[in-house]
Amino acid sequence: MIPKSHPRYESLLLRDKMITASKEGYLADSAMIAHGRGEAFDYLIGEKTTYPAKRAMYVAVAILLLSNNPVISVNGNTTALACDEIIELAKSVKAKIEINLFYRTDDRLKIMTQIYKDHGYDEILGTLDDDIEYLNEIENNRASASKTGIYSADTILIPLEDGDRAEILKKTGKNIITIDLNPLSRTSKMSDVSIMDNIVRAIPFMTKIAEDLKTQDKAVLMEMVNEFDNDENLKESLQQIRLKE
């Protein structure tokens with residue numbers, strides 16, 4: 001049991017979720033390393049959502065609402081940390097959810113497919129039963145893409161993503177949105193919209209934004225998107241990092 005008075009209470013809860021996911025068999029061995037790296041960046045920004053992150057989230061949601069076939073790509077980490085929240089966001093912006101794994105095995109796919117079904121989401125893509133295509137230039141298992149999902153999507157939200165896939169997806173002409181606590185990562189630099197925030201804060205906040213933006217005219221959403229500069233926003237994001245004495 002972790003006492004709520006512990007100064008690292010929230011962070012330790014997330015670690016516990018990762019440990020549980022690992023024991024359940026759907027988390028890759030390297031997932032802990034990725035989580036720890038993100039945790040370090042979160043600590044440097046005070047474990048709070050910054051203004052540049054909020055700005056990026058508004059633009060990201062605007063793009064999702066304007067899209068014809070938006071997809072949220074999920075892996076073991078995102079599922080362990082924010083499964084229910086991702087489902088809520090997908091419903092709010094009418095996006096599909098697709099499993100995409102670097103270490104893709106039948107067992108991991110079966111477990112993750114069942115997790116989403118147990119959480120009330122039966123339309124999960126990227127499963128063993130799905131119609132899978134393969135993206136050119138990606139030389140690992142993440143080349144797989146559901147024909148009705150990532151393969152044909154016009155916008156993809158790829159939280160906690162690897163850089164090579166983000167770059168190649170961008171080259172295919174898709175709108176790429178990422179949630180990445182490292183503003184220096186290749187994923188952040190390659191994406192159209194990069195949100196430097198913890199996924200457990202970002203996803204619920206984006207759902208709240210969606211409920212607001214759904215009432216706006218498309219022209220207003222387009223203006224938000226056109227005025228956004230991801231490079232400038234990343235520079236502002238970097239300025240939020242402060243080393244504590």
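These numbers were taken from a predicted model, which means no experiment stands behind them.
A donor and an acceptor atom, one from each side chain of T155 and S67, are located under 3.5 Å apart. Under 3.5 Å, the side chains of N175 and D192 contain no donor-acceptor pair of N or O atoms.
Residue pairs satisfying the salt bridge (Lys or Arg N to Asp or Glu O under 4.0 Å) criterion with at least one member in residues 55-74, sequence neighbours excluded, are listed as follows: R55-E236. The side-chain hydrogen bond (donor to acceptor under 3.5 Å, both in side chains) analysis of residues 77-91, with sequence neighbours excluded, yields the pairs N75-T78, T79-Y116, D84-H119. Identified under the salt bridge (Lys or Arg N to Asp or Glu O under 4.0 Å) test for residues 212-221, with sequence neighbours left out: E211-K214. Among residue pairs with one or both ends in residues 122-131, those qualifying as side-chain hydrogen bond (donor to acceptor under 3.5 Å, both in side chains) are D130-S146; sequence neighbours excluded.
Following chains of ILVMFWY side-chain contacts shorter than 4.5 Å, one can reach L128 starting from I97, so the two form part of one hydrophobic cluster. Residues I87 and I111 share a hydrophobic cluster, clusters being chains of Ile/Leu/Val/Met/Phe/Trp/Tyr side chains in contact below 4.5 Å. Residues V220 and L66 fall into different hydrophobic clusters, defined by Ile, Leu, Val, Met, Phe, Trp and Tyr side chains chained together at heavy-atom separations under 4.5 Å. Hydrophobic clustering (ILVMFWY, side-chain heavy atoms < 4.5 Å, transitive): Y58 and L234 are in distinct clusters. At a threshold of 4.5 Å between side-chain heavy atoms, the hydrophobic network of Ile, Leu, Val, Met, Phe, Trp and Tyr places M190 and I158 in two separate groups.
The CD1 atom of I203 sits 13.5 Å away from the NZ atom of K208 when rounded to the nearest 0.5 Å. Atom OG of S188 is separated from atom CG of L181 by 9.0 Å, given to the nearest 0.5 angstrom. Within the model, atoms CG of N230 and NZ of K235 stand 11.5 Å from one another, a figure rounded to the nearest 0.5 Å. Summarising the geometry, atom CG belonging to L64 is positioned 4.0 Å from atom CD1 belonging to I177; distances are rounded to the nearest 0.5 Å. Here CZ of R108 is found 10.0 Å from OH of Y26. Values are rounded to the nearest 0.5 Å. Taken to the nearest 0.5 Å, the CG atom of D154 stands 10.5 Å off from the OG1 atom of T172.
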Apply salt bridge (Lys or Arg N to Asp or Glu O under 4.0 Å) to residues E39 and R15 and explain how you reach the verdict.
CA-CA 10 Å; E39 189 179 75; R15 291 185 193 179; 2.8 Å; yes
CA sep, side-chain torsions, deciding dist, call: R201, E47, side-chain contact (heavy atoms from CB on, under 4.5 Å)
CA-CA 9 Å; R201 294 192 300 268; E47 296 175 308; 4.3 Å; yes
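Taking N182 as the reference, F41, D180, L184, S185 meet the side chain to side chain contact (heavy atoms under 4.5 Å, CB included) condition, with sequence neighbours excluded. Remark: K48 engages no residue in a side chain to side chain contact (heavy atoms under 4.5 Å, CB included) (not counting sequence neighbours).
Residues E98 and I124 share a closest heavy-atom pair of N-CD1, 4.3 Å. Between N233 and S194, the closest heavy-atom pair is ND2-O, 4.3 Å. Across all non-hydrogen atoms, the minimal contact from G149 to L125 is CA-CD1, 3.7 Å. In this structure, M196 and T50 approach most closely via the heavy-atom pair O-OG1, 4.5 Å. For the residue pair R104 and S144, the shortest heavy atom distance occurs at NH1-OG, 3.3 Å. Closest approach of E232 to D229, counting heavy atoms only: N-OD1, 3.1 Å.
The backbone N or O of N198 lies less than 3.5 Å from no partner atom in the side chain of D42, so there is not a single donor-acceptor pair. Between the side chain of K171 and the backbone N or O of A166 there is no donor-acceptor pair closer than 3.5 Å. Side chain of K174 to backbone of I168: no donor-acceptor contact under 3.5 angstrom is found.
K94 has its side chain out of reach of P70: every pair of non-hydrogen atoms, C-beta onward, lies at least 4.5 Å apart. Counting heavy atoms from C-beta outward, E227 and V59 have side chains that stay 4.5 Å or more apart. The shortest distance between side-chain heavy atoms of L213 and L221 falls below 4.5 Å. At least one side-chain heavy atom of V74 sits less than 4.5 Å from a side-chain heavy atom of I72. Between L157 and I179, the closest side-chain pair of non-hydrogen atoms falls below 4.5 Å. The closest side-chain heavy-atom distance from H35 to L81 is below 4.5 Å. Counting heavy atoms from C-beta outward, L27 and M18 have side chains that approach closer than 4.5 Å.
Environment of CZ in F205: crowded, with over 12 heavy atoms of neighbouring residues, nucleotides or ligands closer than 6.0 Å.
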